[in-house]
Amino acid sequence: MSQLYNKIIELRKEINQHNYNYYVLDNPTISDTEFDFKLKELESLETEYKKENPEMDDSFFSYSPTQRVGGETNKAFKQVEHKYKMLSLANTYSIEEIKDFVKRAEESLDLNQELEWVCELKYDGVAISLNYKNGKLVQALTRGNGIVGDDITDNIKTIRTIPLELFGNDYPDEFEIRGEVIFPHKAFEEFNAQKIAQGEEPLANPRNAASGSIKLLNPKETAKRKLDCFLYFLLTENNPELNSLTHYQRLQKAKTWGFNIPSFMAICSKMEDIESFIDYWDKERFNLGFDIDGIVIKLNNIQLWDRLGSTAKSPRWATAYKFKAQRKETKLLSIEYQVGRTGIITPVANFEPILLGGTIVKRASLHNADIIEKLDIHTNDYLYVEKGGEIIPKIIGVNIEKRELGAKKIEYITNCPECNTPLIREDSEAGHYCPNYNHCPVQILGRFEHFASKKAMNIDTLGGERIKYLLDHKLINDFADIYTLKEEDLIGIGSIDESKKTTIQEKGATNLIQAIEDSKNIPFERVLYGLGIRYVGEVVAKKLAKHYKNIDGLINSNFLELTQVDEIGDKIAQSIIDYFSNQENLSLIQKLKSKGLKFEIEETFLSNSLEGLSFVVSGTFEGYSREALKKTIEDNSGKVLSGVSAKVDYLVAGDKMGPEKKRKAEKLGVKIISEQEFNSMING
Ligand code: IVH
């Protein structure tokens with residue numbers, strides 16, 4: 001085999017190991033950037049190999065970690081019969097019934113000894129079944145009707161905790177493993193935040209979202225959702241070695257092959273232990289990063305599974321206890337209407353604080369006018385608030401019996417609570433919004449906060465209080481004014497509330513001015529996101545920046561062209577057209593351009609030309625800021641170190657280089673090179 005082939009195999013192994021360390025063991029040994037870089041390298045090696053060997057079988061590529069981003073779009077899912085029927089579990093909300101279940105199993109086995117039960121979390125997601133042949137994932141199926149499922153292999157391959165190739169050599173040649181795909185809270189929230197930013201309806205809850213995500217026709221879309229998967233049930237045939245292990249031991253074995261197995265398991269012989277596991281997780285479940293809806297109890301000795309058998313629907317060796325959703329009644333105090341930076345109004349109910357699912361809850365979103373109408377909320381009503389598997393408390397109803405005599409039905413507001421402008425509700429939309437884009441004070445404040453936020457211009461320490469002060473004192477009127485601020489404008493400013501003592505001191509002012517200055521290096525896509533154009537979230541901004549390359553291209557575009565850009569629909573396109581037809585916005589962009597903000601993309605140059613070399617950067621440079629120079633070194637596979645030592649290969653010397661660094665470099669024999677010499681190293 002060629003050297004290139006061997007390199008690909010080696011790199012795949014290395015990446016698979018890092019993936020496992022990160023996702024399954026939760027113990028990464030390299031940085032995300034290093035990981036991404038290795039993956040990019042593998043991608044380019046595979047492209048090269050494909051070119052050189054066009055006859056190579058596709059299967060050579062299909063188990064590679066490069067396939068995690070999702071391949072071709074499917075037209076429909078193939079229906080495949082399950083090798084073993086995919087049963088469900090009997091379930092109950094009653095501990096008594098769990099006791100009966102355990103007793104029945106013990107009696108029917110009649111072994112005169114206590115049995116071992118494994119308690120696991122009951123993941124609230126979608127069941128899948130994975131088939132492995134010779135250590136490779138060959139097929140993934142949904143449960144379907146239990147007999148026939150959909151072939152969702154391409155989507156499943158995008159889930160990073162599911163191994164495409166297994167570690168070790170003691171796995172069966174052929175086996176099936178079943179588990180649950182879940183949408184972790186963090187990923188779910190991020191995904192919904194993007195949806196909202198793009199003007200789309202957020203997904204209702206992580207379970208439905210996980211189920212929808214694995215059935216998407218375009219695997220690239222599934223890849224974006226950062227799903228996770230726990231595998232909890234191994235099925236093998238004629239494998240004496242594995243069949244002599246317990247269920248618990250088999251899962252531990254599966255872990256060594258690379259599978260993500262249930263994170264919390266307990267082997268219990270006494271009913272009290274099962275009960276305490278249930279009680280513990282009934283409270284603790286709210287601190288997990290994903291939803292569970294109960295506890296699964298399985299017999300540990302798998303040899304006894306066959307003896308107990310199953311009913312038509314579920315096995316007799318396992319059952320599930322389901323948690324009750326926590327529901328409490330509380331009194332409505334007020335309804336408040338929040339105005340977002342794009343003018344969207346969100347009604348929020350404030351109620352008397354209650355302890356729900358381990359936290360004190362005193363408010364919940366009512367989402368929009370339709371929901372208030374449907375719940376038929378009146379003043380001082382008693383509300384039922386629920387927190388189930390889901391993270392966010394939800395108002396699910398009203399106790400009409402407790403309604404006060406003469407209570408008034410809640411009338412939705414007609415004018416903006418901040419600027420009194422009449423609200424608008426478009427036919428297709430559930431929500432109302434305030435159209436006073438340029439003058440509604442809360443929208444302006446929100447837009448400034450968004451502009452300065454981490455994901456946009458990342459102006460550290462320019463938070464809401466300070467922005468409010470600057471706006472109120474007319475020190476800033478638009479984003480461009482931020483770039484004219486001087487230290488003396490900032491010293492002494494702070495909270496409007498003098499008692500809060502958040503006034504900026506000299507050092508704070510210097511830091512803030514520096515952060516403002518640094519923000520000029522923020523790439524175009526984030527500047528575009530920071531402008532706060534309605535429906536242009538992070539992802540859309542990236543797509544637009546990539547497509548148009550600069551702001552002028554985008555300004556001069558038209559509706560049709562916009563809708564042809566990947567992921568840009570009519571609504572987003574119209575919002576962009578509206579934004580750039582406003583003269584005030586165009587002149588703001590001119591002003592920001594003159595302040596030096598980036599309005600075009602910089603093609604990053606990625607190469608291996610500095611591989612294995614370490615650099616220290618000192619002084620100031622003509623063609624780069626110091627940060628940009630460091631990034632260029634990293635983009636070309638070099639390493640940046642902070643101090644001169646024997647480990648350093650080159651000191652890139654700029655103007656006004658530190659004399660100490662120079663002396664040390666000379667002493668240690670570290671090569672000192674100029675900016676020009678550095679440029680010729682990367683440009684060849
Ligand atoms: S074992 C034959 N273990 O709950 C039984 N199921 O309501 C195989 N589930 O269909 C399932 N967590 O989708 C098992 N730790 C766990 C589970 C689990 C979630 C799901 C699974 C099952 C459903 C039953």
Side-chain angles (χ1 to χ4, degrees), residues 82-94 97-98 101 105 117-130 140-150 152 156 159 161-162 175-184 205-208 210-211 213-215 227-236 246-248 250-252 254-255 259-268 274 277-278 280-282 285 288-302 304-325 388-389:
H82 288 291
K83 191 161 170 205
Y84 315 95
K85 211 164 136 191
M86 235 173 133
L87 297 177
S88 180
L89 290 175
N91 66 61
T92 171
Y93 289 93
S94 132
E97 283 186 24
I98 296 287
F101 166 85
W117 297 94
V118 179
C119 294
E120 294 169 18
L121 305 183
K122 184 171 180 324
Y123 299 96
D124 197 10
V126 235
I128 53 154
S129 141
L130 307 175
L141 302 177
T142 61
R143 180 165 184 274
N145 59 8
I147 297 165
V148 175
D150 286 329
I152 48 159
I156 287 303
I159 301 176
T161 39
I162 295 182
F175 69 95
E176 194 173 322
I177 190 162
R178 291 183 183 166
E180 201 89 352
V181 171
I182 55 153
F183 212 144
N205 64 53
R207 179 176 25 83
N208 291 359
S211 155
S213 300
I214 60 161
K215 296 283 290 284
L227 301 170
D228 204 342
C229 180
F230 289 99
L231 281 315
Y232 46 61
F233 183 28
L234 183 68
L235 296 95
T236 51
T246 61
H247 166 67
Y248 183 85
R250 278 155 57 114
L251 289 185
Q252 296 304 331
K255 184 172 178 176
F259 292 106
N260 193 29
I261 62 161
S263 33
F264 302 97
M265 289 193 269
I267 302 177
C268 306
I274 298 178
F277 192 88
I278 291 176
Y280 178 80
W281 284 107
D282 195 3
R285 65 184 149 134
L288 287 166
F290 47 82
D291 288 347
I292 60 171
D293 61 344
I295 296 297
V296 177
I297 298 132
K298 297 175 186 169
L299 195 56
N300 198 18
N301 183 342
I302 60 164
L304 302 178
W305 289 5
D306 279 347
R307 282 188 46 197
L308 286 173
S310 29
T311 68
K313 280 199 216 127
S314 48
R316 289 199 187 88
W317 46 264
T319 194
Y321 173 84
K322 288 196 52 157
F323 297 132
K324 293 177 208 62

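Indexing begins at 1, ligand by ligand and atom by atom, following the structure's order. Counting from 1, the numbers follow the sequence of the chain as shown. These values consider heavy atoms only, across backbone and side chains, with no hydrogens, waters or symmetry-generated copies.
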Of the protein's non-hydrogen atoms, which lies at the shortest distance from [atom], and what is that distance?
atom                    : value
atom 12 (N) of ligand 1 : Y123 N, 3.0 Å
atom 20 (C) of ligand 1 : E180 OE1, 3.3 Å
atom 23 (C) of ligand 1 : K122 NZ, 3.9 Å

Legend entry - Considering all heavy atoms, the nearest P262-E120 contact: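 Closest heavy-atom pair between P262 and E120: CG-OE1, 3.9 Å.
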Legend entry - Side-chain ion pair, K83 and E176, N-O less than 4.0 Å: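 No.
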Legend entry - SB check D150 K215 (cutoff 4.0 Å):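 Yes, D150 and K215 are salt-bridged.
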Inset, instruction - Pick one of side chain, backbone, both or neither for how N91 approaches ligand 1, counting any non-hydrogen atom pair under 4.0 Å. - result: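 Neither part.
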How many angstroms lie between atom [atom1] of [X] and atom [atom2] of [Y], to the nearest 0.5 angstrom?
X    : Y    : atom1 : atom2 : result
F264 : F230 : CZ    : CZ    : 8.5 Å
F101 : I274 : CZ    : CD1   : 9.0 Å
L87  : R178 : CG    : CZ    : 7.5 Å

Based purely on interatomic distance, does [X] place a nitrogen or oxygen under 3.5 Å from a nitrogen or oxygen of ligand 1?
X    : result
E120 : yes
V296 : no
R143 : no

Legend entry - Where ligand 1 meets A127 - atom numbers and elements under 4.0 angstrom, heavy-atom basis: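 Ligand 1 atoms under the 4.0 Å threshold to A127: 13 (O).
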Legend entry - Sub-4.0 Å atoms of ligand 1 with respect to non-hydrogen atoms of P315: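 So the answer, numbered in order with elements, is 2 (C).
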Inset, instruction - Apply the ring-ring contact (aromatic ring centres under 6.0 Å, His included) test between F233 and each candidate in Y84, Y123, W317; give the one that qualifies. - result: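 Filter result, single survivor: W317.
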Inset, instruction - Have a look at F233, W317, Y232 and point out the one with the heavy atom closest to atom 17 (C) of ligand 1. - result: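 Answer by nearest heavy atom: Y232.
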